[in-house]
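The next block holds one structure in the form of structure tokens; read it before the comments.
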Amino acid sequence: MAAQATLHCLTGCAIGEIVGMAIGTALAWHNVPTMILAIVLAFVFGYSLTMRGVLRAGLDVRSALRVALAADTVSITIMELADNATIVVFPGAMDATLSDVLFWLSLALSFAVAFLVTTPVNRWMIGRGKGHAVVHQYH
């Protein structure tokens, strides 16, 4: 269950990260604004994916947002810390462009690291009825 929850979270984070990094890189933004955009979009897409399922279960938007915040905030935060730290320490990754293999390789590695770091956290939270355990009643 923890791996599935982490994969769900990683999907939203990856969409946001890729879109944010692609926009920032394509517009030739500096590293910090690009990373900020990628992180913000990771949270937006992560919460949106959770809210989509919860809204389908019949919750109103406000309640769905509360569930998404409770379910995903810790997971996305840890995932983003691991993901971005990996990119920062990966030699040359911060200066790679969309056409560089290094850009895509470092991004893929950062997602793998984020998954490995976040899965035990999600397992711990689910075991205590927190995190994605909050969402399961709506599936």
Open item on the list: Restricting to side chain to side chain donor-acceptor pair (under 3.5 Å), what partner residues turn up for Ser75, sequence neighbours left out?
Closed with: Asn122
Solution key, residues 23-41 side-chain donor-acceptor pairs under 3.5 Å, sequence neighbours excluded:
| from | atom 1 | to | atom 2 | distance (Å) |
| --- | --- | --- | --- | --- |
| Thr25 | OG1 | Met21 | O | 2.7 |
| Thr34 | OG1 | His30 | O | 2.9 |

- [ ] Please tell me if the side chains of Thr118 and Leu10 come closer than 4.5 Å, counting only heavy atoms from C-beta onward.
- [x] no
TODO: With rounding to the nearest 0.5 Å, note down the distance linking CZ in Phe115 to SG in Cys9.
DONE: 11.0 Å
Task: Hydrophobic cluster membership, Val74 vs Trp124, 4.5 Å side-chain cutoff - done: yes
- [ ] Could you tell me the separation between the CD1 atom of Ile76 and the CD1 atom of Ile78, rounded to the nearest 0.5 Å?
- [x] 11.0 Å
TODO: Mind checking the CG-CG spacing from Leu49 to Asp72? Nearest 0.5 Å is all I need.
DONE: 8.5 Å
Open item on the list: Which heavy atom of Leu59 sits nearest to which heavy atom of Leu55, and what is that distance?
Closed with: O-CD2, 3.3 Å
Task: Cluster link Val44 to Ile18, ILVMFWY, side chain under 4.5 Å - done: no
Task: Pairwise distance CZ(Phe43) to OG1(Thr73) - rounded to 0.5 angstrom - done: 6.5 Å
Open item on the list: To check you understand the geometry: which heavy-atom pair defines the closest contact between Thr97 and Asp100, and what is its length?
Closed with: N-OD2, 2.7 Å
Task: Spatial distance of atom CG (Asn84) from atom CE (Met94) [nearest 0.5 Å] - done: 8.0 Å
Task: Met51 side chain reached by Val67 side chain, heavy atoms, under 4.5 Å - done: no
Sequence neighbours excluded and cut-off under 3.5 Å, please list the side-chain donor-acceptor pairs for residues 104-114, or say none.
| from | atom 1 | to | atom 2 | distance (Å) |
| --- | --- | --- | --- | --- |
| Trp104 | NE1 | Leu98 | O | 2.7 |
| Ser106 | OG | Leu102 | O | 2.9 |
| Ser106 | OG | Phe103 | O | 3.0 |
| Ser110 | OG | Asp83 | OD1 | 3.3 |
| Ser110 | OG | Leu107 | O | 2.7 |

Task: Cys13 side, atom SG; Tyr47 side, atom OH - distance, nearest 0.5 Å - done: 9.5 Å
